[in-house]
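Hydrogens, waters and symmetry mates are skipped; everything else that's a heavy atom, side chains included, is used. Numbering of ligands and ligand atoms starts at 1, following listing order.
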Amino acid sequence: MDDYVVTVQNLVKHYKDVKAVDGISFSVNRGEIFGIVGPNGAGKTTTIECIAGMRRADSGSVDVLGLDPVKDSLALKRRIGLQQQESEIPDRLRLWEAMELFSSFYDTVLQWEALLKQLNLWEKKDSFYSELSGGQKKRLFVAMALIGDPEIVFLDEFTSGLDPQSRISIWKLVKELRDQGRTIVLSTHYMDEAEKLCDRVAIVDHGKLTALDSPSNLISIHGGHTRIQFNVGDVFDGESLSSLKGVEFIQNSDNVCSLEVSSSSAIVEIVKQLDAMGQGLDSFKIEAPTLEDVFLNITGREVRD
Ligand SMILES: Nc1ncnc2c1ncn2[C@@H]1O[C@H](COP(=O)(O)OP(=O)(O)O)[C@@H](O)[C@H]1O
Ligand SMILES: [Mg+2]
């Protein structure tokens with residue numbers, strides 16, 4: 001039986017004449033890591049804010065844990081945690097004071113000491129908020145989103161601007177939260193992050209949902225061909241490769257041969273053929289499509305800001 005914790009149907013939200021969300025529908029399963037990805041201005045933050053009860057949708061319906069996020073906002077706030085893309089707290093608040101304060105808002109809380117340790121903030125517990133780096137502030141807001149022992153955690157662009165170590169430690173924490181049975185709804189514009197972390201990914205563009213599936217299904221449906229490259233000498237004849245089954249494209253320039261193949265059996269045939277031709281395979285590289293390719297294939301390559 002389906003066990004949805006969030007159901008969004010035909011969500012529409014304008015800001016004056018800007019249609020930020022244009023009829024989005026999806027459901028989030030209990031216990032999954034659900035990713036929302038899309039270019040800048042796609043409507044990710046607005047969608048998350050409508051689900052978490054921070055904004056009222058113009059039309060459509062949102063159900064979160066059987067509650068209406070606007071009408072039942074108080075009841076919902078006790079059961080969800082939200083890390084917003086842009087948050088601030090008073091500069092002169094020390095970290096431990098902030099954690100104590102936020103703990104006092106909830107009936108059930110997680111140990112904030114443990115959260116600060118997991119997020120590598122323990123040694124900063126006596127520092128003022130104003131003394132934190134950008135990445136430390138970001139991690140503090142993740143800790144605050146978790147303090148109320150939430151059933152659903154919303155993380156909006158939770159790793160932008162973080163160094164690789166912090167990203168890895170937050171990924172680990174997000175997986176632990178999921179393994180504890182919580183649901184995580186996150187937005188990101190890092191495709192490697194969405195691919196590694198999310199059970200399912202929704203691609204949003206211009207306020208519309210353009211694809212929704214597991215990263216591996218998205219890649220096999222929209223990722224395109226696997227690319228192969230290897231170095232060749234001045235005289236290389238690729239004719240015998242281009243006729244192999246599954247070879248979709250071949251180009252030979254600057255002593256590099258590039259191919260695109262539509263099946264893994266084509267790779268085997270290429271290697272066999274090259275071996276028969278006495279071609280060395282030291283530089284042979286296989287690049288399978290990633291979620292980044294899916295994203296670019298679906299949303300295009302022009303820059304948004
Ligand atoms: N508070 C606001 N007032 C006016 N326009 C906004 C506001 N917030 C977002 N927008 C606009 O709505 C669209 C969607 O924004 P947003 O939901 O923040 O997208 P994303 O999080 O995907 O970058 C953008 O065109 C953005 O400029
Ligand atoms: Mg945003």
**Item:** Sub-4.0 Å heavy-atom environment of ligand 1, residues by chain
**Value:** Tyr15, Val18, Ala20, Pro39, Asn40, Gly41, Ala42, Gly43, Lys44, Thr45, Thr46, Arg55
According to a hydrophobic-cluster definition based on side-chain heavy atoms being under 4.5 Å apart (Ile, Leu, Val, Met, Phe, Trp, Tyr only), do [X] and [Y] belong together?
{"X": "Ile89", "Y": "Phe154", "answer": "no"}
{"X": "Leu146", "Y": "Trp122", "answer": "yes"}
{"X": "Met54", "Y": "Leu186", "answer": "no"}

**Residue pair Gln136 / Glu131, side-chain donor-acceptor N/O under 3.5 Å** = no
**Message:** Can you tell me if Trp171 has over 12 outside heavy atoms packed within less than 6.0 Å of its CH2?
**Reply:** yes
**Request:** Assign the ring pair Phe34 / Phe26 to parallel, tilted or perpendicular, where the plane angle (0 to 90°) is split at 30° and 60°.
**Result:** parallel
**Message:** So that I can check it, does any N, O or S atom in Thr45 come closer than 2.8 Å to the Mg ion (ligand 2)?
**Reply:** yes
